[in-house]
Amino acid sequence: MLRQPAIIGVLMLLCFLPGINIQAQNTDETPADSPAIDSIASDSVSTPAVDSAAAIDDSTMISLDSLGIDTTTTVEIPPLPPPPQLLDSLIHYFARHEYRFDVQQADLYPRDAAGFLYHEASYFALTSLETPLRTTVAPFGMPGDRMTVRSGNNELAPYDRTIPGDGLIDFNDIITGDVARAAIVEGPLAGYNSLSGALSLLYLEPFRIPEGPAVTKFTVERGAFGYAYTRGRVARMLTPDLGFAFSTDYRKGDGFVSNVDDDSYNIKARLFRRFNYRTTLDASVGVYRRKGGYLSYRRLRRDEQYAVSITRQEFFGGVLTGRYNLNLSRSADITKTIRPRDTYTDLSYLLARNGGLYQASIRFGKEQFYINRYFATRYYGYGDLSGMIDLQGGRLFFFGRLRDAELQDIAVEAAGGYSRRIGQRWQVTVSSGYLSGWPDLTDLYLPEGTLGLYNERGNTDLKAEKKLTGNATIQFITDKFEISTSFNAGTAKDLIYYEQTFDQYPSVEITPENDKVTFADANISGSFHDLWWFYGKASATARRIDSDRYGDKTPYSPRWQVYGQLGLKRYIEKYNVHVRLFGDITYFERPLSYTLQELNTTAMVDWGVNATLKDFTFYYMMHNALSQYQERPEGYSYTGWFQSWGINWNFLD
């Protein structure tokens, strides 16, 4: 197996070699062989001109002297603009328009990544009461982990086996302190540059390092059940070639029921460095720590993510990027000590030609986990080709991938999508593809053990998932209205789900198994804004899932959901205050629990108000305003309304 750091070392050497045919160029113009591709953002940062005399070789200086030019004058070559990114183009053309969120306009409670999905009826969000603020999200009502979550170029995969095994991500374990915007891409294109074979991508765009003054933000929030939340962030360029971004947030709560308190924080730091006018380094460190009660036990976990990338522009006409990622996790309670680890290196080459972007990449990685002195390792690798092409007035996005791993069959995956604007108001996107997903190491090899009332064990006979899926979306967009319809459907062979056997409730046996599932989800959404004083949104979904295991009524998959919001906003000129008042309602069919019993659910109504004076915002929210009784999930219930309030302050901007 190729040693992964060697790739980074080779790239470092290439990055600092003298340039090939270096010449000053006007960066206000796009080179003829590098057409611009629209994108909503880039992970790189454009900064003012930088002294790059050191990048000019001796022969160039001699030729200037022979022409009678004063060689004591510093020669400055402006840095190249940030290179285009395929991921940015995917978001720009294939994210549903109303699915682009400005975080500063969102009042989320609690402050977790699922807050970007609460208001979309195609996503079933469930807050569990037996663990502290655990929120899971099932796109299209599908069981198991069907979401890919990315922060910039880093895929986030929080890992926790101390809860009952269901394969779902705890969205409270995803760092959101550095998020500036969020977007959702549905369908098989969500599998781009991801090994999970997910059906939906949640893209969390980090806030950018500014070229000018520092950017800052400070948030304090309080709420029911002893809930408290604090967030701070700052970013600035220290010199024209060196900048940083730092964010942290802290959350504490007593929990919805006894013995499920929560005490967690995360820290994320990013460093940007430009070595010369076309070579940059981007490094980031993220640390997440959480402790609290779990039923009658205490638990502690910590996730760490280290990432470094080096980019060399105009490398034989393209962009060469090397990346190294290290993901560590540690989780412990009275019965288990779990230490998963994933490290990988990839090398990619991006080329812009004739209105298109084309990229080739390879990756080598190693997965490990340690559970109660039991150790397992798996090496893997893949190569892929991907790109975006201007085609008949629209954009064609595609990727093909070949990957292999120890003790797994070789997987071949491919997907493609087409997006086109029709006139000024209509946009159509379609996609289809074939994706695969390997069993997790713990799903294969987890030794049998107990956690309170739960007994989990692995299954070495698990097969890799094979999914054939498609998506179609039509949108009508004006200055004040947005209406969209979307349809997602597919079939999954050997889909991995977590069978829960109740010998004597609530004692549970949990084993991962394979299932065959077909699904279809149809959604219609509409929103309006700046209509007199009002704004609003509505979303409704109807879905059907057929499973070999559960038939047409699978657990925690309601066959219909609706969401609605209506708001009023006014500017009080006399006091220079912007005021917003809003209310929303969420309702879904009573889902079945894992015991195949109907849960008691009802319409949930929330309302809130906020007021903004310059850079200071105060807000207040009342949750479950009608004091409805609800079970979330089985065995636990609550009633009565509760509240939250807080401030946002951009104190140095």
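What you see below is based on every heavy atom in this structure, not just the backbone, and it leaves out hydrogens, waters and symmetry mates.
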Apply side-chain contact (heavy atoms from CB on, under 4.5 Å) to the pair Asp282 and Val308, showing each step before the final yes or no.
CA-CA 6 Å; Asp282 205 323; Val308 59; over 6 Å; no

Looking at Val179, is its backbone amide N or carbonyl O close enough to the side chain of Thr176 to form a donor-acceptor pair, meaning the two atoms are under 3.5 Å apart?
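No; judged by distance alone, with no hydrogens or angles, the pair does not exist.
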
Checking Arg233 side chain against Gly177 main chain: does a donor-acceptor pair fall under 3.5 Å?
yes

[X] bridged to [Y] by N-O distance under 4.0 Å:
{"X": "Arg425", "Y": "Glu482", "value": "no"}
{"X": "Arg278", "Y": "Glu314", "value": "no"}
{"X": "Lys480", "Y": "Asp530", "value": "no"}
{"X": "Asp263", "Y": "Arg290", "value": "no"}
{"X": "Arg274", "Y": "Asp241", "value": "yes"}

Return the set of residues passing side chain to side chain donor-acceptor pair (under 3.5 Å) with Ser264 (not counting sequence neighbours), or none when no residue passes.
Arg251

Going through the checks in order, is the side-chain contact (heavy atoms from CB on, under 4.5 Å) test met by Leu201 and Ile91?
CA-CA 10 Å; Leu201 164 67; Ile91 299 297; 4.1 Å; yes

Specify the closest pair of heavy atoms between [X] and [Y], including all atoms of both residues, with the distance to one decimal.
{"X": "Asn471", "Y": "Gly187", "value": "CB-CA, 3.9 Å"}
{"X": "Gly226", "Y": "Asp254", "value": "CA-OD2, 3.5 Å"}
{"X": "Phe534", "Y": "Leu568", "value": "CE2-CD1, 4.0 Å"}
{"X": "Arg330", "Y": "Asp303", "value": "N-OD1, 4.5 Å"}
{"X": "Thr148", "Y": "Ala198", "value": "OG1-CB, 3.1 Å"}
{"X": "Tyr123", "Y": "Pro139", "value": "CE2-CB, 3.5 Å"}

Please determine whether side chain to side chain donor-acceptor pair (under 3.5 Å) holds for the pair Asn325 and Tyr306, giving the CA-CA distance in whole Å, both sets of side-chain angles, and the decisive distance to 0.1 Å.
CA-CA 6 Å; Asn325 271 62; Tyr306 304 89; over 6 Å; no

Go through the steps to decide whether Leu90 and Leu189 satisfy the test side-chain contact (heavy atoms from CB on, under 4.5 Å), and finish with yes or no.
CA-CA 8 Å; Leu90 172 66; Leu189 294 185; 3.9 Å; yes

Please report the C-alpha distance between Thr617 and Thr612 in whole Å, then the side-chain angles of each, then the deciding distance to 0.1 Å, and finally whether the side chain to side chain donor-acceptor pair (under 3.5 Å) criterion is met.
CA-CA 4 Å; Thr617 299; Thr612 301; 2.8 Å; yes

List the steps and the verdict of salt bridge (charged side-chain N to carboxylate O under 4.0 Å, His left out) for Glu205 and Arg150.
CA-CA 8 Å; Glu205 179 186 328; Arg150 302 189 69 87; over 6 Å; no

Starting from the C-alpha separation in whole Å, work towards a yes-or-no answer on side chain to side chain donor-acceptor pair (under 3.5 Å) for His623 and Ser644.
CA-CA 8 Å; His623 311 270; Ser644 63; 3.0 Å; yes

Validation row: [X], [Y] side chains within 4.5 angstrom (heavy atoms):
{"X": "Glu186", "Y": "Phe140", "result": "yes"}
{"X": "Asn153", "Y": "Gln85", "result": "yes"}
{"X": "Arg580", "Y": "Val609", "result": "no"}
{"X": "Ser151", "Y": "Gln305", "result": "no"}
{"X": "Ser309", "Y": "Leu281", "result": "no"}
{"X": "Met604", "Y": "Ile585", "result": "no"}
{"X": "Gln475", "Y": "Thr473", "result": "yes"}
{"X": "Asn172", "Y": "Asp262", "result": "no"}

[X] and [Y]: side chain donor to acceptor below 3.5 Å:
{"X": "Ser539", "Y": "Ser525", "answer": "yes"}
{"X": "Asn624", "Y": "Asp606", "answer": "no"}
{"X": "Gln561", "Y": "Thr541", "answer": "no"}
{"X": "Asp173", "Y": "Tyr288", "answer": "yes"}
{"X": "Asn276", "Y": "Thr279", "answer": "yes"}

Side chain to side chain donor-acceptor pair (under 3.5 Å) for Asn266 and Arg231? Distances and angles first, verdict last.
CA-CA 10 Å; Asn266 68 68; Arg231 178 179 67 185; over 6 Å; no

Can the ring centres of Phe397 and Tyr93 be said to be less than 6.0 Å apart?
no

Could you tell me how the ring of Tyr620 sits relative to the ring of Trp607: parallel (under 30°), tilted (30 to 60°) or perpendicular (over 60°)?
tilted

In terms of ring plane angle, is the pair Phe528 and Phe481 parallel, tilted or perpendicular, where the classes change at 30° and 60°?
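The arrangement is tilted - the two ring planes meet at 30° to 60°.
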
Has Trp533 got more than 12 heavy atoms of other residues, nucleotides or ligands less than 6.0 Å from its CH2?
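No, not enclosed.
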
Stepwise ring-ring contact (aromatic ring centres under 6.0 Å, His included) check, Phe272 with Phe244
CA-CA 6 Å; Phe272 172 80; Phe244 79 95; over 10 Å; no

Just how far is it from atom [atom1] of [X] to atom [atom2] of [Y], taken to the nearest 0.5 Å?
{"X": "Arg420", "Y": "Thr429", "atom1": "CZ", "atom2": "OG1", "result": "13.5 Å"}
{"X": "Phe246", "Y": "Ile209", "atom1": "CZ", "atom2": "CD1", "result": "13.5 Å"}
{"X": "Tyr563", "Y": "Glu120", "atom1": "OH", "atom2": "CD", "result": "8.5 Å"}
{"X": "Thr219", "Y": "Asp249", "atom1": "OG1", "atom2": "CG", "result": "9.5 Å"}
{"X": "Leu117", "Y": "Thr136", "atom1": "CG", "atom2": "OG1", "result": "11.0 Å"}
{"X": "Tyr227", "Y": "Tyr229", "atom1": "OH", "atom2": "OH", "result": "7.0 Å"}

Which residue, Ile184, Val149, Leu87, forms the side-chain contact (heavy atoms from CB on, under 4.5 Å) with Tyr203?
Leu87

For a side-chain contact (heavy atoms from CB on, under 4.5 Å) check, start with the C-alpha distance between Asn576 and Lys614, then their side-chain angles and the critical distance, and finish with the verdict.
CA-CA 8 Å; Asn576 191 25; Lys614 294 185 178 179; 4.1 Å; yes

I would like to know whether Tyr587 and Trp560 meet ring-ring contact (aromatic ring centres under 6.0 Å, His included); could you show each step before the answer?
CA-CA 9 Å; Tyr587 194 39; Trp560 55 265; 5.4 Å; yes

